[in-house]
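To keep things clear, I will list the structure first and then write my remarks on it.
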Amino acid sequence: MCTSWRRLSSLQRLILLLGLLFCCLVAFTVLPRYFSASDSQGLPAVREPLQDSLPSGPKLSQIDSIEEHQRNLDALKKQASLLQAEIDQNEKREENLQANLQLNLPFKGGYDFFNGQTRTERQEQVVEAFKHAWKAYKKYAWGHDELHPISKTSSEWFNTGLTLVDSLDTIIIMGLKEEYEEAKEWVKKSLDFRVNSFVNLFEITIRILGSLLSTYHLTGDEIMKEKAIELGKRLLPAFNPRSKIPYSDINLDKGYAKAPRWGPDSSTAEVATIQLEFRDLAFISGNRKFEEVVHEVAMHIHEAEKANGLVPIFVNANTGKFRASGTITLGARGDSYYEYLLKQWIQSDKKLTQFKTDFEESYQGVKSKLVRRSEPNKLLFIGELLAGRNFSPKMDHLVCFYAGTLALAHHYGLGEGEEYLDTAKDLGETCWQMYNRMPTKLSPEITYFNMAKGAKEDLIVKPLDSHNLLRPETVESLFYLYRFTGDQKYRDQGWQIFLAFEKHTKLKDGGYSSIANVKDAGNPRFKDKMESFFLSETLKYLYLLFSDDPNLMNLDTWVFNTEGHPLPILKDGVEP
């Protein structure tokens, strides 16, 4: 009996106790009315009408007692009704969550990535490029974080098989069954998060956690869910309830978090670009703690004072305050803060409206404070405010994400008329020219724009900024622009970029490498590193760009995280 009682949930125990109390009250109020007037033979007597006995003092006392018990009964009934309503609400929520899971699992719902895809010729070549990179990783760096294709060695960053895990959903989307099964087996047997070293909260969240979540949604494989939940739990100590700003570094094994070596600040983009992943983790696990910690961070920044909706790129993890006179940029350390304002709203099925408002305000700030036109060709670019006030005509390649983000915002009905889309097209053209005007047809990491009247060239590339890291931001935006406009030029531009990667970054004996100088087509110089995002994002977005199937990762069903991992739009899983 005791064992059975312990197996009951707390709610079930409460309902049984209330039922028992109700029965006791019935026994003490109703039964005495039948047995108090029994005859000598023990048979119940026929009771007189209640009003006939009103003059009697003792009978009045009995009535008061009955009324009190009735009030208690009414209170119990009301409480039971509230409990039942709560039970019904929980059951409905669970039904909605399960229905939403099924709704957002295209693999289970009929879209079979491994059978039935009809690839275009260009897609086939992108798949071959992926296989070429994957083969080299498998041969020289299997299970390690990153491949060095020149020296044919590997290196560690997280000690979690970064390139392998980061590539999982790309493998699925490309329909590579054999490669996926092999990678899944490694995840099942070898992926271990008991890493006694510090990792960056942001990077491991967007790359490892994001990919595990995406892979689970695409396949339903429980091992991906289990690993995602384990990683999420190990990351929780990084969140600082005092300042509301998480520390940048976390020891996965010891659960100890700290600020970076160079100071007490975290990057604004990093603390504000973990929300999609942790909200999705809360959704699949049922543990609302994952959502609560990142929502607290997002709301802290939402409520902070801003200049024209723009934020400095550093925020103190001890005080929760932005660094005074910090640089404002859509480039490094600032970029994905703006991206996730829009995407949090989209992921929540438009429930988290405060972030949509912040995104719209930030666009007005970008337009008034950061947007300029170059000379002589009037290319639209987005500069920086050094110390929060001095304009610099410097634009990182990272900023090219913003064209795709604005196109996505337009698709979801934001902006006046075509304004967002027009700006997206203009910025996309600039990013394309950053590729097209280089001798290698590959973009530099950083470009300065000429604003002097009479200048002959729009772009200025300094020697230390001329490297290319195989980044995805421009082809990402080309994908969005093509999806929302259908303009073939975006696919043609993407194809030229792909061919440039093939010509200048591909190694015959395996893999692809970053290059040091995009201005020297004869000797771009390999840097001996293949970034995981080349497989996770660059090749994935090229594959999607060249697809003729609009249902392949439909943008009304999926929202991509900043590492290119698609997560489902949570129709009922997020409450404002």
Side-chain angles (χ1 to χ4, degrees), residues 200-207 210 235 238-250 257-279 293-345 352 354-366 369-370 382-392 394-402 405 473 561-563:
N200 181 271
L201 170 67
F202 160 74
E203 294 288 358
I204 200 168
T205 295
I206 65 169
R207 298 187 192 222
L235 294 175
F239 293 89
N240 184 352
R242 292 170 298 174
S243 69
K244 315 302 182 190
I245 297 298
Y247 292 106
S248 66
D249 298 334
I250 174 75
K258 67 179 182 65
R261 295 177 181 176
W262 43 265
D265 294 337
S266 295
S267 299
T268 302
E270 292 185 357
V271 303
T273 313
I274 51 181
Q275 281 68 25
L276 296 189
E277 297 80 5
F278 274 81
R279 283 203 177 96
V293 292
V294 293
H295 188 68
E296 187 174 57
V297 177
M299 289 303 296
H300 178 78
I301 297 177
H302 166 71
E303 293 165 359
E305 184 177 352
K306 305 177 185 68
N308 303 102
L310 305 176
V311 295
I313 60 175
F314 292 112
V315 58
N316 191 298
N318 295 319
T319 66
K321 295 181 180 180
F322 288 117
R323 181 187 290 185
S325 301
T327 294
I328 293 175
T329 176
L330 265 67
R333 302 187 184 276
D335 49 357
S336 48
Y337 160 70
Y338 303 96
E339 176 187 0
Y340 270 37
L341 289 179
L342 176 69
K343 290 183 175 180
Q344 286 182 81
W345 175 65
L352 299 175
Q354 64 269 43
F355 303 122
K356 180 198 75 166
T357 300
D358 286 351
F359 178 81
E360 292 174 314
E361 290 178 357
S362 70
Y363 172 75
Q364 295 302 320
V366 169
K369 299 295 183 180
L370 303 181
I382 299 175
E384 301 180 347
L385 291 180
L386 304 179
R389 57 183 179 271
N390 301 316
F391 183 82
S392 169
K394 166 182 173 285
M395 189 171 100
D396 296 351
H397 182 275
L398 290 167
V399 179
C400 290
F401 87 92
Y402 199 55
T405 299
E473 287 76 22
N561 87 336
T562 197
E563 185 73 8

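In this structure, CD1 in Ile382 is found 13.0 Å from NZ in Lys394, a value given to the nearest 0.5 Å. Rounding to the nearest 0.5 angstrom, the gap separating the CD1 atom in Ile206 from the CG atom in Asn200 is 8.5 Å. In this structure, CG on Asn318 lies 9.0 Å from CG on Asp265, to the nearest 0.5 angstrom. Separating the CD atom in Glu473 from the SG atom in Cys400 is a distance of 7.5 Å, to the nearest 0.5 Å. Atom CG in Asn240 sits 9.0 Å away from atom CD in Glu296 (nearest 0.5 Å).
Leu341 and Ser362 get closest at one heavy-atom pair: CD1-OG, 4.3 Å. In terms of heavy atoms, Ala298 sits closest to Gln344 at CB-OE1, 3.8 Å. In plain terms, the two heavy atoms of Ile250 and Ala257 that are nearest each other are CD1-CB, 4.0 Å. Among all heavy-atom pairs drawn from Thr273 and Ser336, the shortest one is OG1-OG, 2.8 Å. Contact detail for Val297 and Pro246: the closest heavy-atom pair is CG2-CD, 3.7 Å. Contact record, Pro312 with Thr268: O-OG1, 2.7 Å, taken as the closest heavy-atom pair.
Using a 4.5 Å heavy-atom cutoff, the side chains of Leu276 and Arg279 are not in contact. Side chains of Asp396 and Glu384 form a contact here, defined as non-hydrogen atoms less than 4.5 Å apart. Inter-residue side-chain proximity for Val315 and Ile301 is flagged as unmet; no heavy-atom pair is nearer than 4.5 Å. A heavy-atom distance below 4.5 Å is not found between the side chains of Lys244 and Met299. When side chains are defined from C-beta on, Leu201 does not count as touching Asp249, because their heavy atoms never get closer than 4.5 Å. A 4.5 Å side-chain heavy-atom check between Phe355 and Leu342 finds every atom pair outside the cut-off. A 4.5 Å side-chain heavy-atom check between Leu352 and His295 finds at least one atom pair inside the cut-off. Using a 4.5 Å heavy-atom cutoff, the side chains of Ser243 and Asn316 are not in contact.
At most 12 non-hydrogen atoms from other residues, nucleotides or ligands lie less than 6.0 angstrom from NZ of Lys321. At most 12 heavy atoms of other shown residues, nucleotides or ligands fall within 6.0 angstrom of atom NZ in Lys369. For Glu305, the CD atom sits in a loose shell: 12 or fewer heavy atoms of surrounding residues, nucleotides or ligands are nearer than 6.0 Å.
Evaluated for a ring-ring contact (aromatic ring centres under 6.0 Å, His included) with Phe278, the options Phe239, Tyr340, Phe202 yield exactly one hit, Phe239. Of the residues listed (Glu277, Gln275, Arg207, Lys343), the one engaging Asn561 in a side chain to side chain donor-acceptor pair (under 3.5 Å) is Glu277, and it is the only one.
Counting only residues at least two apart or on different chains, no ring pair (Phe, Tyr, Trp, His ring centres under 6.0 Å) pair has a member in residues 316-339.
The main-chain N or O of Ala387 is found under 3.5 Å from a side-chain atom of Arg389 such that the two form a donor-acceptor pair. Checking side-chain atoms of Thr405 against main-chain N and O of Tyr402 turns up no donor-acceptor pair under 3.5 Å. With hydrogens and angles ignored, the 3.5 Å screen pairs no side-chain donor or acceptor of Ser248 with any backbone N or O of Ser266.
Side chains of Glu339 and Thr562: a donor on one and an acceptor on the other come within 3.5 Å.
Between Trp262 and Phe314, the two ring planes are perpendicular [angle over 60°; tilted spans 30° to 60°].
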